[in-house]
Structures are given as structure tokens and as C-alpha cells.
Amino acid sequence: MSSNQFKVILWLLRELHVKNVPSFNAFRKMQKGLRKTCGSVPEMHTSSLGNIFYVNDVQQSVAKVRDLISLRETY
């Protein structure tokens, strides 16, 4: 989704009087923080036919979910 399309969605939510709709910049800042905290960097691989593809580390993803669940249970 493009930034302009997303800005229209945020505008529409505000026009519909939805509570706590963030500004575009606030949303992007939160998104950046979430990527830093929860995201993972995909590893590049090349198939035997020479095709390039990317794969997330499943073990790392499961560990992050487990950590988030245990953190949630703490509070």
C-alpha cells in the first residue's frame, strides 16, 4: 500500500470519528519501532536453478513470539 493510500485511510477513519487514530508520522514511527523489536531480517538463498529467494529464520520468529507471550503474562 502506498503512503498516499494509507493517508487516505487515516483521513477516512478521522472523518468517521474513530477514536485514537494516529497521525501518519506517528504510525510510521510506531511501525519502525515494531520492526526493530519484533521484525527479523530475511536470509537470501539461491535455488539450484539460480532463483533468488528470501527466508525468515523460523526459530528466531518463534523465540520472539514466545518472549512476547511471556512478557504479556508478566503484566
Side-chain angles (χ1 to χ4, degrees):
M1 174 181 301
S2 73
S3 293
N4 286 334
Q5 289 170 327
F6 192 68
K7 287 177 183 179
V8 168
I9 291 171
L10 292 174
W11 170 81
L12 181 61
L13 291 172
R14 284 191 292 276
E15 288 294 310
L16 293 171
H17 304 289
V18 174
K19 294 180 182 180
N20 301 320
V21 177
S23 69
F24 177 76
N25 290 333
F27 181 84
R28 289 294 190 211
K29 185 177 179 181
M30 177 187 62
Q31 191 178 39
K32 185 177 181 181
L34 286 171
R35 276 196 192 112
K36 186 181 266 188
T37 304
C38 305
S40 62
V41 179
E43 298 175 18
M44 185 178 88
H45 295 277
T46 306
S47 72
S48 58
L49 297 175
N51 297 318
I52 297 174
F53 61 98
Y54 295 85
V55 177
N56 288 331
D57 183 353
V58 175
Q59 185 177 6
Q60 182 184 31
S61 297
V62 170
K64 284 185 179 189
V65 169
R66 186 189 64 231
D67 292 344
L68 289 172
I69 290 171
S70 63
L71 179 64
R72 182 177 175 193
E73 290 172 352
T74 304
Y75 293 100

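- Hydrophobic clustering (ILVMFWY, side-chain heavy atoms < 4.5 Å, transitive): Ile69 and Val62 are in distinct clusters.
- Leu16 and Val21 fall within the same hydrophobic cluster, defined by Ile, Leu, Val, Met, Phe, Trp and Tyr side-chain heavy atoms under 4.5 Å apart, directly or through other members.
- Both Leu12 and Met1 belong to a common hydrophobic cluster when Ile, Leu, Val, Met, Phe, Trp and Tyr are linked at side-chain heavy-atom distances under 4.5 angstrom.
- Rounding to the nearest 0.5 Å places NZ of Lys64 at 12.5 Å from CD of Gln59.
- The list of ring pair (Phe, Tyr, Trp, His ring centres under 6.0 Å) pairs with a residue in residues 33-53, not counting sequence neighbours, reads His45-Phe53.
- Leu10 CG to Leu13 CG: the interatomic distance, rounded to the nearest 0.5 Å, is 6.5 Å.
- Phe27 and Leu34 fall within a single hydrophobic cluster, where Ile, Leu, Val, Met, Phe, Trp and Tyr are joined by side-chain heavy atoms under 4.5 Å apart, directly or via other members.
- Residue Val55 is not grouped with residue Val65 when hydrophobic side chains (ILVMFWY) are merged at heavy-atom distances under 4.5 angstrom, including chains of intermediate members.
- Applying the side-chain hydrogen bond (donor to acceptor under 3.5 Å, both in side chains) rule to Gln31 yields the partners Arg28; only residues at least two apart in sequence or on another chain are considered.
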